[in-house]
Amino acid sequence: MMRRALIIAAALMAVCGTVDADSSGGAPTGGPANQRQPSASDLSKSPSALLPKSPVTGKSPIDVVASGPLATINNPFTGQADKIEAGKAAFQGKGCPGCHGGNGGGGMCPPLTNDVWVYGSDDDTLFRLVTLGSEGLQKKGFVRIGMENIVGPMPPFGELIKSDEELFEILAYIRSLYKGAPNRINW
Ligand code: HEC
């Protein structure tokens, strides 16, 4: 456990240390080669309101991601106070604040409170990103569509988060932090 925390801390330095330097340099420049502007179709991808809520299976997030087709995961816990509380504890316990700040406001890594979403804002995308990490997600064909003040990878957490239930709780907490424009909510 301790060892894992150290690995994450090292990743933090590797990923986000460089970002700090970038962000002090003024205007953002090109960014990664695969970056492009969000289009209307990106923003409307997988509108959660139209999807059925996902079942809670108790399986590992890795299994859920591997078995479910893209754009189908839809968090059944969004907006539920008890799940948000549980998710907050898990968020803190798994080391997420080391990169994203204690309240998800962004420290050295992207804030989770604004309406810029690197790969898309829907539950399916966030579930897969946290499970697989940036590199794993990109291997599945996802590309960065939004520019945050960071170009490093997020590590995969699929083995550290014990079940889809726990990840749904974490994502419910992240949704509760949102401070962007209400009309940008598509989850
Ligand atoms: C080592 C630093 C690090 C840790 C620890 C970390 N993240 Fe991230 N996270 C990142 C980076 C970097 C990105 C941006 C990824 C990219 O651009 O490919 C990101 C992106 C995200 C996003 C998408 C944000 C957006 O604006 O689109 C979510 C959601 C997220 N992380 C959740 C979590 C959760 C939940 C945890 C804990 C289980 C966590 N992160 C732990 C570095 C980290």
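Just follow the structure's listing: the first ligand is 1, and inside any ligand the first atom is 1. Along the sequence shown, residues carry numbers from 1.
Remark: the backbone N or O of Arg128 is not paired with any side-chain donor or acceptor of Thr131 at under 3.5 angstrom.
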**OP:** Please assess Ser134 against Leu129 for the test side chain to side chain contact (heavy atoms under 4.5 Å, CB included), listing each intermediate value before the final yes or no.
**Re:** CA-CA 6 Å; Ser134 302; Leu129 170 60; 4.1 Å; yes
**OP:** Please test Phe142 against Leu70 for side chain to side chain contact (heavy atoms under 4.5 Å, CB included), starting from the C-alpha separation and ending with a verdict.
**Re:** CA-CA 11 Å; Phe142 285 75; Leu70 286 180; 3.8 Å; yes
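Between Tyr119 and ligand 1, an N or O atom pair is found at a separation short of 3.5 Å. Checked by distance only, ligand 1 and Ser134 come closer than 3.5 Å through their nitrogen or oxygen atoms. Between Gly95 and ligand 1, no N or O atom pair is found at a separation short of 3.5 Å. Backbone and side-chain nitrogen or oxygen atoms of Asn114 are examined, and none is located within less than 3.5 angstrom of a nitrogen or oxygen of ligand 1. Where the criterion is an N or O separation shorter than 3.5 Å, residue side chain and backbone included, Val116 meets it with respect to ligand 1.
Contact annotation: for Val130 versus ligand 1, heavy atoms closer than 4.0 Å belong to the side chain alone. Only side-chain heavy atoms of Leu129 come within less than 4.0 Å of ligand 1; its backbone N, CA, C and O stay farther off. Counting heavy atoms under 4.0 Å from ligand 1, residue Ser121 does not touch it at all. Only the side chain of Cys109 comes within contact range of ligand 1, with a heavy atom under 4.0 Å; no backbone atom does. With a 4.0 Å cut-off on non-hydrogen atoms, Phe157 touches ligand 1 through its side chain and not its backbone.
Proximity to Pro110 (heavy-atom distance under 4.0 Å) selects the following atoms of ligand 1: 11 (C), 13 (C), 14 (C). Heavy-atom contacts of Ile170 reach the following atoms of ligand 1: 35 (C) (cutoff under 4.0 Å). Applying the 4.0 Å criterion to heavy atoms of Pro155 picks out, from ligand 1, the atoms 1 (C), 3 (C), 43 (C). Against a heavy-atom cut-off of under 4.0 Å, Pro153 is close to the following atoms of ligand 1: 12 (C). Heavy-atom contacts of Trp117 reach the following atoms of ligand 1: 25 (C), 26 (O), 27 (O) (cutoff under 4.0 Å). Close approach of ligand 1 to Leu112 (heavy-atom distance below 4.0 Å) involves ligand atoms 22 (C), 24 (C), 28 (C), 29 (C), 30 (C). Listed by number with element, the atoms of ligand 1 under 4.0 angstrom from any heavy atom of Arg144 are 16 (C), 17 (O), 18 (O).
Taking 4.5 Å as the limit, some side-chain heavy atom of Tyr119 sits within range of a side-chain heavy atom of Gln138. Residues Asn114 and Tyr178 fail the side-chain proximity criterion, which asks for heavy atoms closer than 4.5 Å. For the pair Leu132 and Phe157, the minimum side-chain heavy-atom distance is 4.5 Å or more. Side-chain atoms of Thr57 and Val64, non-hydrogen and from C-beta on, do get closer than 4.5 Å to each other. Residues Pro76 and Val56 are in side-chain contact: their nearest non-hydrogen atoms beyond the backbone lie under 4.5 Å apart.
Residues Asp63 and Ser60 bring no donor and acceptor atom of their side chains to less than 3.5 Å of each other.
Geometry at atom 8 (Fe) of ligand 1: SD/Met154 and NE2/His100 form an angle of 170°, nearest 10 degrees.
For the side chain to side chain donor-acceptor pair (under 3.5 Å) criterion with Arg175, the lone passing option out of Thr78, Asn75, Asp123 is Asp123.
Using a cutoff of 4.0 Å between basic side-chain nitrogens and carboxylate oxygens, Lys94 and Glu166 are scored as salt-bridged.
Of the candidates Gly133, Gly98, Cys96, Cys99, Cys99 brings a heavy atom nearest to atom 43 (C) of ligand 1.
For the pair Ile161 and Pro61, the tightest heavy-atom approach, listed with the atom from each and the gap, is O-CD, 3.2 Å.
Close to ligand 1: Pro111, with a non-hydrogen atom less than 4.0 angstrom away.
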